[in-house]
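Side chains are part of it too, since the values below use all heavy atoms of this structure and drop only hydrogens, waters and symmetry mates.
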Amino acid sequence: MTDKIAEIAAFDGRTAKIVGPARSGKTEALLRRAAAAVAAGCAPEDILIETSTAEAARVARRRLVDALAAAGMQDVEDIAGRITVACAQQVCLTVLEAPETRAATGRTPRVLAPFEYNFFLEDMKTLGTPTRRLRSELGRIKQQWCALVPEEDWAVGEEKDVLDLAHRLLSATNAMLEDEVAYLCGRYLQSDAGAGARQRFALVLADDFQNLSAAQQTCLCLLARDQLIVAGNPDETVRVATSFPAPEGFATFDTLRRGVEVFSLDVAFGNPNVTDFCDAIVLTGNEDARTAARREGTIRDIATVKWNTPDEEFNGLSRYLFAVNAEDPEAAQSDICIVAPNKQWAHAFEQMLAHRGFAVSSLGFERLAGDPRDTNRARALVAYTSLNLLADPDDLFAWRAWVGFGNYLTYSDGWHFLLDWCDEHDAGILDALEAAAAARAAGEDEPFPRAERLAERYAAGRAMIAAHEGRRGYNLLAALGADKLRDFAALADSLAGDEDAATLYAMVRKAQFFPTHEANIRAVRVSSHEQLCGCGYRTLYVTGCVDGFMPARDAFEVVSTDADRARVRENDRRTFAAGVAKAADTLMFSTFSRAPLELAERTKMQVARVRMEDGERIAQVRPTCFLEEAGGTAPITLGGQALLADLGMD
């Protein structure tokens, strides 16, 4: 532990800011401060350690045990378990879930899953606003929420119409949007009604503060009673905790407040070649900084490997990992991470690694996707919603989703008429569905337009609940057709077998919103770039390093404005640099030169050229521009066969 980290651990002032590059010890300083506070007599329950993701919280909780032991504490597992270690969204939800908060806000913190948001969006279209403009208006509303600007200060005209309909739809279904969570929490904590919830913790220690929205940052500040310490670096901003991070909130933290002690951690621990590379990526445009560095590295240090095709990448890199593991089979595979650019690449590497005998834990690709309008492409969504209804038959948004499956407009017109009927009769959604079902059974006229179709779907839902409400564990997953779906494979593997629907649904929902790696140290990690935040690995293999994947294709689209392309590239640059900086010893980039055109288009690679090879259209692709932009710090480059030859493989 450096002297500076020891100084932070002993800090007893009111407010402090810790700034430093990746792997400089910012997180360690926060954990040491928590341990020192407990050793000095602070109750563990009075400490909050905030992270950007649930996985970062899991890792921090594990490291906290070591920090407590180093501080001379006994029963460190028990003490660590009593300290709140959570991501910002979890912290805000905990505030909103309290009965007194629900009473004051009039809202239920039942957050919509991403696929459920599609139903909400279809219902918003009944306003008549053109789809592109509607999405833009909703984006601005979310941005204002994340900035914690009171709605009455900005909602006017068409924007207010959109906001009013959003409130109506969400209130009717007891639902909430992800971006609303911190806004509602912050407004509550700022209000007179929230006075009792403020200053809940004696110590609030916030990591990667730059990744949070202004609303999340404000909530953490309001929850601190005696001491607030924030750590971060604006150059490491990653859009993982929110769609609208506020790095300026960290940059100006000490200038907007009095008496803030600033600690600078200047030395990055780990491989200096990795650090130099990441610094050069962030400093792109500073030619002096880039050309001053020297190109260094080896295969086992920092390198770029070029393959011909994606299949060669999947097969060759997994073979290489198998051979490297054979050199030291007792090493913890959990210290090895494959970074995948998208869900398809993650699944491909999961399959190849499992084929070679590795246990695999994947993170960052759990969110359910599909088309609710097409039953063949919505099987995972239907299974999720079925579990939801079995767990809680009164969940109103689950019923909204259920009645909308399989229809081109998800029956948004019928839902609009249903809500009008509810307003006219001062009734609830389930009352309306029951009235529609009764009219259908009696052969009477529809109580509102499209009621018969909604009643048909409602009856099917009630029949599904009656048929499966007694099933448990594997039997329940099989009955819902989820046992053979890839999206539920991780859940099936983790079951004891006797879990009821409520338990299964809670497990699936946790994976959707707060996923973590399994604790198995023998499992190789597969991760998205964003989920590297707050973590660290001995070795990183960054795959699919081609333009279109990183940075995203929107950074190259000619139909976009220069400002739009620059914004995408800048966001992805920081995500890329912050992620690969998590490699302590070895960093390897893996790229390829061509792919079938259909695959390239479907996965949104940036195609440089198309040519025919053996009667098939082949897309030529380029390595990510970030490698070239690193200038003199760019790693050495070698072919895939040379990599395999390093371990004596053909």
Donor-acceptor pair, side chain of [X] and main chain of [Y], under 3.5 angstrom:
X: R525; Y: V360; answer: no
X: N388; Y: A398; answer: no
X: Q210; Y: N233; answer: yes
X: R225; Y: Q199; answer: yes

May I ask you to check whether [X] and [Y] show a side-chain donor-acceptor distance below 3.5 Å?
X: E350; Y: S362; value: yes
X: H517; Y: S361; value: yes
X: T503; Y: D500; value: yes

(request) Heavy atoms only: give me the nearest L532-V580 pair and the separation to one decimal. (result)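 Shortest heavy-atom separation between L532 and V580 comes out as CD1-N, 4.5 Å.
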(message) So, using side chain to side chain contact (heavy atoms under 4.5 Å, CB included) as the criterion, who are the partners of R258 when residues are at least two apart?
(response)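 Applying side chain to side chain contact (heavy atoms under 4.5 Å, CB included) to R258 gives none.
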(message) Looking only at the aromatic ring of each residue, does the gap between the centers of F263 and F11 stay below 6.0 angstrom?
(response) yes
(request) May I ask you to check whether Y505 and Y384 place their ring centres under 6.0 Å from each other? (result) yes
(message) My understanding is that only one of R509, E116, E180 makes a side chain to side chain contact (heavy atoms under 4.5 Å, CB included) with V111; could you say which?
(response) R509
(message) Suppose we screen for side-chain hydrogen bond (donor to acceptor under 3.5 Å, both in side chains). Which residues come up paired with Q333, at least two apart in sequence or across chains?
(response)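 If we apply the side-chain hydrogen bond (donor to acceptor under 3.5 Å, both in side chains) test to Q333, skipping adjacent residues, the hits are N325, R522.
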Going by the rule ring pair (Phe, Tyr, Trp, His ring centres under 6.0 Å), which residues pair with [X] if we only count those two or more places apart in sequence or in a different chain?
X: F358; result: none
X: Y188; result: none
X: Y541; result: none

(request) Output every pair passing salt bridge (charged side-chain N to carboxylate O under 4.0 Å, His left out) with a member in residues 196-218, not counting sequence neighbours, ordered by first then second residue. (result)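 Listed by first then second residue: nothing to list.
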(request) Report yes if the side chains of I18 and L265 come closer than 4.5 Å at any heavy-atom pair, otherwise no. (result) yes
